[in-house]
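As structure tokens, the structure follows; a few thoughts come after it.
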Amino acid sequence: MTIPSKYDASQVEDKWYAYWIKHNYFHSTPDEREPYTIVIPPPNVTGVLHMGHMLNNTIQDVLIRRARLLGKNACWVPGTDHASIATEAKVVAKLKEQGISKSDLTREEFLQHAFDWKDEYGGIILEQLKKLGASCDWERTAFTMDPEMSESVIKVFVDLYNKGLIYRGYRMVNWDPEAKTTLSDEEVIHEERQGNLYYLEYKIEGSTDTLTIATTRPETIFGDTAICINPNDERFTHLKGKKAIVPLCNRVIPIIEDEYVDLEFGTGCLKVTPAHDENDKNLGDKHNLEVIDIFNEDASLNSFGMHYQGKDRFVVRKEIAKELEEKGVLVKTEVHTNKVGTSERTKAVIEPRLSDQWFLKMEELAKPAIKAVLGDDTDINLYPKKFENTYRHWMENVRDWNISRQLWWGQQIPAFFYGDGKEDFVVAENIEEALVLAKKKTGNASLSVSDLKQDEDALDTWFSSWLWPMSVFDGIRNPENEEINYYYPTNDLVTGPDILFFWVARMIVAGYEYKDAKPFNNVYLTGLVRDKQRRKMSKSLGNSPDALNLIKEFGADGVRVGLLLSAPAGNDILFDEDLCQQGKGFANKIWNAFRLIKGWEINDNLEQPETAKIGLSWYEAKFQKALAEIEDHFSKYRLSDALMTIYKLIMDDFSSWLLEIVKPAYQQPIDEKTYDAVITILENNLKILHPFMPFLTEEIWQYISERTPEEALIISKYPSQKTFDEEIIKDFDFATGVVSGIRTIRKEKNISFKDAVELFLIDAEKKSKKFDVVIQKLTNTAVINYVEEKVDGASFRVKSNEYFVPISIENIDVEAEIKKLNAELKRAEGFLFGIQKKLSNERFVSNAPEKVITLERKKESDTIAKIETIKSSLATLK
RNA sequence: GGGCAAUUAGCUCAGUUGGUUCAGAGCACUUGGUUUACACCCAAGGGGUCAGGGGUUCGAAUCCCUUAUUGCCCA
């Protein structure tokens, strides 16, 4: 059998993914085993795989595959999110290309287009996840607008309404004039923008006096309904009780007094526009001011804007400034930076707007969710822990959640109006039930279905995804079904910190409200993927590599390793393709180690050599030590450290040391016992590596021998932890010091590896001799002689042991040797000085614990011994 | 403006309760090497005043104060 010297992932990965699917290893049904459950953070149904998804889902797959190997019933539920604003915007844009305007369509027609779009492009991302190796239970694929999901959402809305937690309010909301919908506070991004502060002069009615106000938004003067001054401001006492005249429209408005006005800012006079600013709205409510809304829903001016009617707010701002200047109203303009809210999705500048919206009261609902994460006996752990502070800050200041959106793509709010009054509605799961309620509420038995009109708005997408961990198991509609009881609470949630509040916090809220239990035990918050220059990866910068191309180039295993090697929990990951190259290189290394082993000819008559025996027992200890470290890293969600431990184990301990130790001479056969042991070791290495590099490991596993579907690596049994011999690891580390010493001498003295050397040593350490054969083999040392006296030749020290390799006279550079020894001596003496200073300090000796003092004394005697050997070496050279 | 976090080698990061030879890892770098698994490799090596300053302590990368810089969240 010839095995190619380069590992070709593209030949392998599709084959094993198909095999895993065929044998249904990813599918889970409740059974007697312990469940291990993850629900995927559902990506946008029309989305495409980007680096963030790759990182996220690689982590989830590692956790799931590991759980599977540990014998748990692993269930990873995949799915997608309908992403109301983003998707609706895409559909609207596509229709526009075809010359169709949304306003020409009925709701039903529009939804048909949207579902067609979803069926055509939706779920591409899930196909891409398969390329990455994601072992999701695809039979469970869910979508937040599946009929069962939507039914759950409506049920929850009705329930919360009936509990008095959902209410309708005329409120200032964040209006996105581009998407023509409201946004929740969390969907608004505050950005610093440079603008102007305009100083405008208002006339005082019945007087020649004027007053000056400062505003950043001169176009909103049409909505002014008062001027406000601070009652304590002596500059304006003369204005009290007077009225001002709004420029251009010449409306007369009252001058009111309120301590809210900041004496320092601007001129100390504030224009009040209740329809277009939250603070002004509060002032307006307090002083019973008129509310004049001057904008259309696309933020162009309406008829209140007079000759600016129909023009966009930013156009008007420029034009009106000019007009005001010409009319002498604009006194001056200052450059001014302020924060403006922009839409997360459309980037449009948010317009505060008053409208009727649906809200969910959060304060009481948040309480159990706060306790779960921050209490003493925390139910839910965040990794890394630092996010608990952020979580606390948000949850303790939580505001009511605006859950209505002026969109069609989403669950339509189940409120049915029977009249024109604000309160003329009932809330029910369907129109038939609504009719019953409406009849009861109105006392009008003659009402019919046609008299009811359902609210036009849809629910916020997060109002469906906050139920995700329950609704994917139908836990809302059938709260006691077998699946929800088995899989819920889920174990780990892996997601980005950017949706800690949007999603994570709300799932916790929903979990306690509807299952009286947490939705998950642990939340692993990944970092953002950035480029090498720390810039966020984005389409507009074009710095995001094509995920599928990366997989093509480096293999899914290579990309997975590349991502995880640089992704400590919670830290941003600075993505660099070189990392994938390292992952690919690692795959190739393991492949070649396997090639080496597979190439050996086995001879069952051969005795096991001593070197192999010792090497194997050392590696077994080393493997156990690494296994314990890996467990520890996993328990702290330090996946990159766990991977690095495995990387070093396989790269250094297995390939560089063990295989070199057991390797038979060229074209010589290997004894069966050693061969079998090496194969077992290789298999164990594959098992612990499988969660990180599933394809490569399965390929080698199946190459090692014929396996039945029941024997596939993906469902094999993870190596169990055993106690191990710490001493042998220490002794081996000492031996590697000797090996390195000899190698250094070979290099310095230009002694080829092919020429055997002889080694002499003064064994002050009285070390075990069992590694001598190993040292000999690895360094091509013909014989090791234990002596009492120095021997001529190149020398080196490991602790207080002194080693000599005789070399021909012309190779000895006495000067260089002395220089080297002097440097070593100086370092040792400095070290000794430090220790002795410490030990002669009476306060140290009397205060430090006994253990520490003993250690210091040991260090002292070791160093003294070492200095002795260096000094005597120097003496012989001179 | 308020809050949180960070600052350790050229880069990305570990460093647990203050105490093992604690100043580490990976990558990068330098030098040498066709040792029959692998040049996607092997071996050896250089490199840090632990951001600056002050303090507590027998002892500080680790605890406290302070300054600077950076990032995130909120208003």
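Quick note: numbers below take in every heavy atom, side chains included, and nothing from hydrogens, waters or symmetry partners. So that the names make sense, note that chain A is the first sequence line, chain B the second, and so on, each numbered from 1.
By the 4.0 Å N-to-carboxylate-O rule, A/D277 lies too far from A/K281 to be salt-bridged with it. Looking at A/D653 and A/K648, no side-chain N of the basic residue comes within less than 4.0 Å of a carboxylate O on the acidic one, giving no salt bridge.
Of the candidate nucleotides B/U35, B/A37, B/G19, B/U35 has the atom lying nearest to any side-chain atom of A/F753. The side chain of A/V852 sits closest to B/G19 out of B/G26, B/A37, B/G19. The side chain of A/K636 has B/U16 as its nearest neighbour among B/U16, B/G19, B/A43. Set against B/A44, B/G26, B/A14, the side chain of A/R743 has B/A44 as its closest nucleotide. For A/N588, the side-chain atoms get nearest to B/C40 when compared with the rest of B/A5, B/C40, B/G26. In this structure, of B/C73, B/A43, B/C58, it is B/C58 that holds the atom nearest to the side chain of A/F844. The side chain of A/M644 lies closest to B/A25, out of B/A25, B/G2, B/A14. Distances from the side chain of A/S656 to the nucleotides B/A43, B/G26, B/A5 place B/A43 closest. Taking the side chain of A/K747 as heavy atoms from C-beta on, and the options B/G26, B/C4, B/U31, the nearest nucleotide is B/U31. Comparing B/A43, B/C58, B/G45 against the side chain of A/T744 picks out B/G45 as the nearest.
Residue A/E631 places its CD atom among more than 12 non-hydrogen atoms of other residues, nucleotides or ligands, all under 6.0 Å distant.
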RNA chain B base-pair string [pairs: Watson-Crick or G-U under 3.5 Å; |: paired with another strand]: (((((((..((((.....[....)))).(((((.......))))).....(((((..]....)))))))))))).
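Side-chain nitrogen and oxygen atoms of A/S740 include at least one within less than 4.0 Å of the OP1 or OP2 phosphate oxygen of B/A44.
Ring to ring, A/F796 and A/Y803 are close: their centroids are under 6.0 angstrom apart. Separation of the A/Y619 and A/W657 ring centroids does not fall under the 6.0 Å cut-off.
In this structure, A/S752 reaches neither bases nor backbone, as no heavy-atom distance under 4.0 Å exists between it and the strands shown. Residue A/K6 is in base contact, counting any heavy-atom pair closer than 4.0 Å across all strands shown. Residue-level contact check: A/Y647 touches the backbone only, with heavy atoms under 4.0 Å from sugar-phosphate atoms and none from bases. At a threshold of 4.0 angstrom between heavy atoms, the contacts of A/E660 include nucleobase atoms, whether or not backbone atoms are also involved. As judged by a 4.0 angstrom heavy-atom cut-off over every strand, A/R399 is placed among residues touching the sugar-phosphate backbone only.
Between A/F586 and the choices A/F554, A/Y647, A/Y7, the ring pair (Phe, Tyr, Trp, His ring centres under 6.0 Å) rule is met once, by A/Y647.
In the interface, the side chain of A/K589 is not paired with the base of B/C40 through any donor and acceptor atom under 3.5 Å apart.
One P atom belongs to B/U66, the other to B/G3, and the distance between them is 12 Å to the nearest Å. Across B/A25 and B/A9, the matching P atoms stand 14 Å from one another, rounded to whole Å.
Residue-to-nucleotide proximity on RNA chain B shows that, of A/D641 and A/T736, the 5′-proximal contact is made by A/D641.
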